[in-house]
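Data first, discussion second: the structure below is written as structure tokens.
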There are 2 protein chains.
Amino acid sequence: MNPAPRRAATILDVAAAAGVSRQTVTRALHEMPGIAVATRERVLAAAAELDYRPSRFGRGLVKPGARTLGLLVADLANPYYPELASRVLREAGAAGWHVVLAEPGTSDVVETGVDAVLSFTGRAFVAPRGAPNLPVVEVGVEPDRADCPGCPTSRHARVRLDLAPAVHAAVAHLVAAGVRSPVLHEARGRSTPSRRVGLFRDAFAAAGIPVRVVPAGTATPAGSDAVVAFNDVGAFGVLRELRQAGVAVPESVRVVGVDGLTIGRYVTPRPSTLALDMAEVATVALEQVFALAEGRASASGTTERCPTRRVEHRFVVGESG
Amino acid sequence: MNPAPRRAATILDVAAAAGVSRQTVTRALHEMPGIAVATRERVLAAAAELDYRPSRFGRGLVKPGARTLGLLVADLANPYYPELASRVLREAGAAGWHVVLAEPGTSDVVETGVDAVLSFTGRAFVAPRGAPNLPVVEVGVEPDRADCPGCPTSRHARVRLDLAPAVHAAVAHLVAAGVRSPVLHEARGRSTPSRRVGLFRDAFAAAGIPVRVVPAGTATPAGSDAVVAFNDVGAFGVLRELRQAGVAVPESVRVVGVDGLTIGRYVTPRPSTLALDMAEVATVALEQVFALAEGRASASGTTERCPTRRVEHRFVVGESG
DNA sequence: CTGAAAGCGCTTACAG
DNA sequence: CTGAAAGCGCTTACAG
């Protein structure tokens with residue numbers, strides 16, 4: 001019936017249609033006092049008729065609203081990211097922030113406007129044009145970089161996930177259990193060795209034990225007595241492969257993952273893992289975000305360049321290791 | 001050093017600090033042509049000094065930007081929702097929409113401004129004050145309600161997830177396999193029977209087989225020969241319980257879940273399930289969203305009230321059933 | 001290469 | 001109970 005309108009109705013259109021002024025429309029819409037019932041109904045009817053929807057921009061310009069956080073995660077298909085996102089959502093929501101979630105491909109998100117970015121992608125965040133001084137917090141396992149490319153152009157902080165203590169605990173455990181021929185999984189398609197593989201190799205080397213490094217997904221070589229998967233989902237896959245091959249875990253081969261996924265409790269045997277306290281990560285990361293957004297350089301109140309906080313993984317023995 | 005500013009710097013503050021006009025600031029920020037290099041540098045320096053961050057509201061008012069979808073999910077801890085959210089994110093992103101993700105507690109999200117809501121929460125969405133005509137699409141397994149409370153106050157559509165065909169296939173399979181004493185799990189804390197339990201009960205009744213209904217989490221009663229869990233995560237838990245009790249699956253007890261979670265491939269034995277094609281759900285739901293947001297009542301172009309589209313579950317036999 | 005003006009859609013005091 | 005005015009922060013033509 002109605003021809004498609006050339007542009008969306010504004011408050012002025014509603015006012016005209018109802019024969020009132022714009023602020024009377026505001027009153028009707030927000031159920032404010034001091035408006036005749038008949039007037040309100042007329043305005044509401046006009047709004048419905050015109051399919052009027054308030055512009056969040058017009059409103060936002062004039063009313064202080066929630067801040068918006070852009071949360072960038074590498075891959076929602078890996079339960080690691082939803083577990084983290086869930087914590088971030090709750091904590092950010094409690095602090096009055098909205099969360100726009102995106103995977104890297106869609107990360108023009110920030111261009112169109114968020115008040116801060118929390119990046120969980122494993123790759124360096126590149127501050128977009130047109131968003132100078134955008135607060136950015138990056139979370140990752142890489143060591144602190146002396147040169148921080150993000151720092152010159154934006155307010156920047158880090159959360160470093162420190163695998164080292166858990167790696168040492170895990171290797172000590174495996175060696176004590178008799179492991180002498182471990183296999184390490186490297187992320188597929190990586191050219192340079194990842195930090196986690198380096199840490200494991202060094203820890204085994206310190207015990208006089210050489211390691212084999214293979215891409216994740218590779219069948220476990222004969223003669224191996226332990227597999228350190230790249231992450232928990234990788235460990236789940238290794239366990240399935242070994243089960244199908246009829247290899248006893250942990251008797252013949254021990255398996256260790258990384259992440260500490262909640263869903264791991266349903267996998268048999270329950271994998272040993274380098275677990276991360278997701279709630280702690282969320283808390284620490286958001287403290288950095290809030291501090292940066294408020295104009296403080298870091299949660300500690302100091303104005304150091306690229307403040308970095310650490311969260312440690314913790315080795316948890318399951319049934320597989 | 002810098003005292004905390006009483007209010008955030010605006011483009012006018014930057015202009016004043018750099019000794020230029022506001023549109024010169026815009027030029028510098030957006031790297032537009034027709035500005036002296038020296039001027040640009042001066043402006044950029046002033047912006048950095050004042051920690052200037054453009055207002056997304058000011059900008060949004062004047063430039064057409066991405067639309068924002070509010071995606072409401074019941075519980076990110078259940079992998080079902082991340083799997084769905086992941087699809088929605090990608091498809092919405094490809095269509096130029098941002099996605100604000102929230103769990104129900106935080107759902108004042110919509111108040112502050114989204115252009116549409118996609119609700120996956122299992123409970124009826126209540127349109128907020130101050131957001132008349134907000135397009136809302138609800139996805140759920142409940143049957144169509146003749147009275148749709150959302151419809152009078154907002155543009156509204158549905159996606160109904162239809163369990164019936166898969167339930168019939170599953171029950172036929174179980175009965176053929178010899179099941180005569182099945183247990184159905186009901187969601188905990190529910191007062192009224194859920195649709196899925198009703199469907200299973202009726203299908204078993206049609207085969208002359210009575211069922212027991214117990215709350216999810218209840219230990220499997222002795223004498224049972226099948227458990228229909230409330231969802232896949234529930235089925236994972238049942239499998240773990242049975243394994244610990246030394247019950248053979250599927251020989252002694254068969255187990256069926258609902259959802260078709262990807263992560264199920266790592267659970268032993270891999271559970272039979274009423275699987276949902278998440279990509280299809282996302283596609284169909286977003287078609288409804290886009291249609292409503294554009295002012296059409298439904299994707300089909302008709303202006304029917306509360307248009308509803310269906311997506312069917314599909315029974316997938318795993319190792320547990 | 002730079003600036004004065006207009007306008008995006010809304011809400012908040014302030015009058016009447 | 002209702003309206004005229006001002007202003008939120010930005011960008012886009014248009015002058016010069």
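Chain A is the first sequence line, chain B the second, and so forth, proteins listed ahead of strands; every chain is numbered from 1. All values below were derived from every heavy atom in this structure, side-chain atoms included, with hydrogens, water molecules and symmetry-related copies excluded.
DNA chain D lies under 4.0 Å from at least one heavy atom of each of the following residues of residues 31-38 of chain A: A:Gly34, A:Ile35, A:Ala36.
With respect to the salt-bridge test (charged N to carboxylate O, under 4.0 angstrom), the residues B:Arg53 and A:Asp115 do not qualify. Salt bridge present: A:Asp75 and B:Arg90 bring a charged side-chain N and a carboxylate O closer than 4.0 Å. Using a cutoff of 4.0 Å between basic side-chain nitrogens and carboxylate oxygens, A:Asp13 and A:Arg22 are not scored as salt-bridged. Salt bridge annotation for B:Glu287-B:Arg309: present, with a cationic side-chain nitrogen under 4.0 angstrom from a carboxylate oxygen.
Checking D:dT11, D:dG9, C:dC10 against every side-chain atom of B:Ser55, the shortest atom distance belongs to D:dG9. You'll find that the side chain of B:Gln23 is closest to C:dA4, out of C:dA4, C:dT11, D:dG9. The nucleotide whose nearest atom lies closest to any side-chain atom of B:His30 is, among C:dC10, D:dT11, D:dG3, D:dT11.
In this model, no side-chain donor or acceptor of B:Arg53 finds a partner on the base of D:dG9 within 3.5 Å. With hydrogens and angles ignored, no donor-acceptor pair under 3.5 angstrom links the side chain of A:Arg56 to the base of C:dG9.
Regarding contacts with the backbone of C:dC10, every side-chain N or O of A:Lys63 stays at 4.0 angstrom or more from both OP1 and OP2. For B:Thr39 and C:dC1, the shortest distance from a side-chain N or O to OP1 or OP2 is not below 4.0 Å. OP1 or OP2 of D:dT2 has not a single side-chain nitrogen or oxygen of A:Thr24 nearer than 4.0 Å.
B:Arg40 places its CZ atom 10 Å from the P atom of C:dT2, with the value rounded to the nearest Å. Atom CZ of A:Arg22 and atom P of C:dC8 are 10 Å apart (whole Å). Across the protein-nucleic acid pair, B:Arg59 atom CZ and D:dC8 atom P stand 18 Å apart, rounded to whole Å. Note: CG (B:Leu29) to C1' (D:dG9) measures 13 Å, nearest angstrom. For the pair B:Leu61 CG and D:dT11 C1', the computed distance is 10 Å after rounding to whole Å. In this structure, B:Arg7 places its CZ atom 11 Å from C1' of D:dC8, rounding to the nearest Å. Whole-Å rounding puts the A:Phe57 CZ to D:dT11 P distance at 13 Å.
Formation of a donor-acceptor pair under 3.5 Å by the A:Thr283 side chain with backbone atoms of A:Ala279 is found in this model. The main-chain N or O of B:Val117 is never found under 3.5 Å from a side-chain atom of B:Ser119 such that the two would form a donor-acceptor pair.
Counting only heavy atoms from C-beta outward, the side chains of A:Leu76 and A:Glu103 approach each other to under 4.5 Å.
When heavy atoms are screened at a 4.0 angstrom cut-off, A:Thr26 is found touching base atoms of the nucleic acid.
The 5' end of DNA chain C is approached more closely, in terms of each residue's nearest nucleotide, by B:Ser21 than by the other of B:Ser21 and B:Gly58. Nearest-nucleotide positions on DNA chain D place A:Arg27 closer to the 5' end than the other of B:Ile11 and A:Arg27. Mapping B:Arg42 and B:Val62 onto DNA chain C by nearest heavy atom places B:Arg42 at the nucleotide closer to the 5' end.
As the counterpart of D:dA4, no nucleotide is assigned, since no Watson-Crick or G-U wobble pattern has both distances under 3.5 Å. Across the strands present, C:dA13 finds no partner; the criterion is a Watson-Crick or G-U wobble pair with both atom distances under 3.5 angstrom.
Classification of the A:Phe290-A:Trp97 ring pair by plane angle, with boundaries at 30° and 60°, yields tilted.
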